[in-house]
Protein chains: 2
Amino acid sequence: MSPAEHPPGAPDARRPTLNAVAALAGVGRGTVSRVINGSPKVSDRSRAAVERAIAELGYVPNPAARSLVTRRTDSVALVVPDAQTRLFSEPYFSGIIRGVSAGLADAGMRLLLVMVHDAKEYTRLAPYLSGQRVDGVLMVAVHSDDTLPDQLDALAIPTVLAGRRGDREPLGHVRADNRGGAEIAVRHLLAGGRRTVGTITGPLDMEAARERLDGYRQALRDAGAPVADELVANGDFTEEGGREAMRELLCGRPDLDAVFAASDVMASGAVLELRAAGRRVPEDVAVVGFDDSIVARHIDPPLTSVRQPLDEMGRTMARLLLDEIADRGAGRHAVVLPTRLVVRESS
Amino acid sequence: MSPAEHPPGAPDARRPTLNAVAALAGVGRGTVSRVINGSPKVSDRSRAAVERAIAELGYVPNPAARSLVTRRTDSVALVVPDAQTRLFSEPYFSGIIRGVSAGLADAGMRLLLVMVHDAKEYTRLAPYLSGQRVDGVLMVAVHSDDTLPDQLDALAIPTVLAGRRGDREPLGHVRADNRGGAEIAVRHLLAGGRRTVGTITGPLDMEAARERLDGYRQALRDAGAPVADELVANGDFTEEGGREAMRELLCGRPDLDAVFAASDVMASGAVLELRAAGRRVPEDVAVVGFDDSIVARHIDPPLTSVRQPLDEMGRTMARLLLDEIADRGAGRHAVVLPTRLVVRESS
DNA sequence: AAGCCGCGTGGGAGCGGTCCCACGGAGTTC
DNA sequence: GAACTCCGTGGGACCGCTCCCACGCGGCTT
């Protein structure tokens, strides 16, 4: 079929180029390029000839050659702090990644996974990402004092965050309605006849944790219930932190009959502590978590929890980023997606 | 400092090229290239001048330009079947990814995350990956009848698998000592005085599931215990599958006093079923799982489980792949890493 | 003194695309 | 029928690197 154009034993059969396609189709390189990029300025005849040649040769464009001239790489980086990699095993990450991946794939974009292993590496991340020449960056688990997003912004790299750093977040970001979710959770507890509802917060240097605390307070205020300081204990999103916070709450308010924890993992620690203290869940103390993570279904009793639309959050992040890449400024929106309460046996 | 080389309002400040570095350092392009790539054939004088120029300009090589000529992309793809994305939320994936990421980062390689959303997409994956021109591919959760690895191999794309498809796997792969892990688990149960040990298998079209079953049988044989058919029930790595398998076991052998489940998730289903049947864990029936996943710590009672060295598995996969990329054939090894039993309260 | 070696070096020739300019021919318009 | 469109087209000029060839030059031999 094909003449011996290269030595028989050539180890790496050279792949067909745009030039080869043009020659086979009997057109110029420009025309082939137009067909590939869906330009309308091509006659039906030429288009058909080119498409046939592409199919015959099994031609696939070389991304490197393309990006050399277009100055785009058609790829975006997802930055995952490794310290939080525990989170990686939470449905939170996997759900978001899934949505992101789907959203990017639809647009023909590639996803580069960048895990950051230590703090020193983190400080070099902006130049690194800039060197990789990704078209954009997605970040998760951003702390309030994190300046990496600003550095990226200064380098003119489109950036979208999962969650915001504060209430004046300049960058595009997507978050769940943490406040609303917390409100629903607490209202649910109150509606179940609970009178003394405590809360275990997340680390308050994360906006999501603050929002959940705000929602808790709001729900109590709406119900005309007092918001006592000793009903609030700080956790750090870990199980042990949840246990300690629960101990603190029980100590301050032995009359507690419900707890809203800002994460399932902390809720699970709280349940352990309650049991150790001889309280039954949910008879004596009702517990509600946040995230609807895998542990929620598996702990005893199964945990009522607030669920976030993770897949949609990921897709929305992808969309915002693509918008921002296409048109600087177009993706700088704050998107809030609704949460929903999944009621199980712990409340 | 620098003269106005481009219009003041230029939106996208052009980045310095190798040419600019050469000019500033007063050397030729070739010399700069040699310095960057660590060639020894450069005088100390030149090297110092080039390094100074690079630092001054903040030069970073353009990966696209480089890979256009080297025909390498310095990136590898990690293929994750989305159907298994549930697994993604297991420590299994996150642990492996973490190791892979660390191993690749050390070698300056990038990690492309490719999630496959449906079966149709899966059939197009080989050409897609070939089109992306990744230097290699890592695959997880490979079924025995999966031909994608062979397709990649035929396309001369270095490929390394997590787990093998059968006992004659031609490709490089890394796996935990599933058989040994299962043996330890069952021996542990027997050592605890259990007499009638059943097992809940994974889907037997996966080699890992078969190996764990083999280990179970081996341990029983070694102890001189009979390996009865009604002591083996098939699950599918899901919780519901675990429940059903447990039901089947209890029905066939009401005298059962221990179960080894080939995954924690199935074990958790088994525990639920046991409780529903009025059996206490571990008093009446001891349970051991596999994976030491996040649910193992959180179910009630906390689950004894077999742990795999995930981080090391990931790192080893990266290493094999890098070897294979550097030297075709050099990464086609079968690496088996040891497992270890984490004893908790369920046994 | 003439020849040879080998080291460090400069720079031409690509790699495989996109962009854009110029050009031929068919279809208007006056 | 000349002038003017407009549309599809071909191909030159890059994009920023690496590869490799050829060259100059100092130090050895003979």
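Computation of the quantities below employed the complete heavy-atom set of this structure, encompassing side-chain atoms and omitting hydrogens, waters and symmetry-equivalent molecules. Chain identifiers are assigned alphabetically (A, B, ...) following the order of the sequence lines, protein sequences preceding nucleic acid strands; residue numbering begins at 1 within each chain.
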> What pair of heavy atoms forms the shortest contact from Leu322(A) to Met109(A), and how long is it?
Replying inline: CD2-CG, 3.8 Å
> Which residues satisfy the side-chain hydrogen bond (donor to acceptor under 3.5 Å, both in side chains) test with Arg332(A), sequence neighbours excluded?
Replying inline: Asp153(A), Glu324(A)
> Is the side chain of His333(B) donor-acceptor paired with the backbone N or O of Gly331(B) at a distance under 3.5 Å, no angle test?
Replying inline: no
>> Run the salt bridge (Lys or Arg N to Asp or Glu O under 4.0 Å) test against Arg34(B) and tell me which residues pass, sequence neighbours left out.
In response: none
> So among Val134(A), Val79(A), Leu129(A), Leu125(A), which one has a side-chain contact (heavy atoms from CB on, under 4.5 Å) with Leu152(A)?
Replying inline: Leu129(A)
> Under 3.5 Å, is there a donor-acceptor pair between the Ser130(A) and Arg15(B) side chains?
Replying inline: yes
> side-chain hydrogen bond (donor to acceptor under 3.5 Å, both in side chains) with Glu312(B): which residues, sequence neighbours excluded?
Replying inline: none
>> Going by side-chain hydrogen bond (donor to acceptor under 3.5 Å, both in side chains), name the residues that satisfy it together with Arg165(B), two or more places apart in sequence or in a different chain.
In response: Asp150(B), Glu169(B)
>> Across nucleotides 15-27 of chain D, 5' to 3', mark each nucleotide with B, S or - according to how protein heavy atoms within less than 4.0 Å reach it.
In response: BBBB-B-------
>> Mind checking if Ser46(B) touches a base, just sugar-phosphate, or nothing, with heavy atoms under 4.0 Å?
In response: sugar-phosphate
>> With each end axis built from five pairs of C1' atoms, what bend angle do you get for the helix from dC4(C)-dG27(D) to dC30(C)-dG1(D)? Round to 10°.
In response: 50°
> Would one find a side-chain N or O of Thr31(B) under 4.0 angstrom from OP1 or OP2 of dG10(C)?
Replying inline: yes
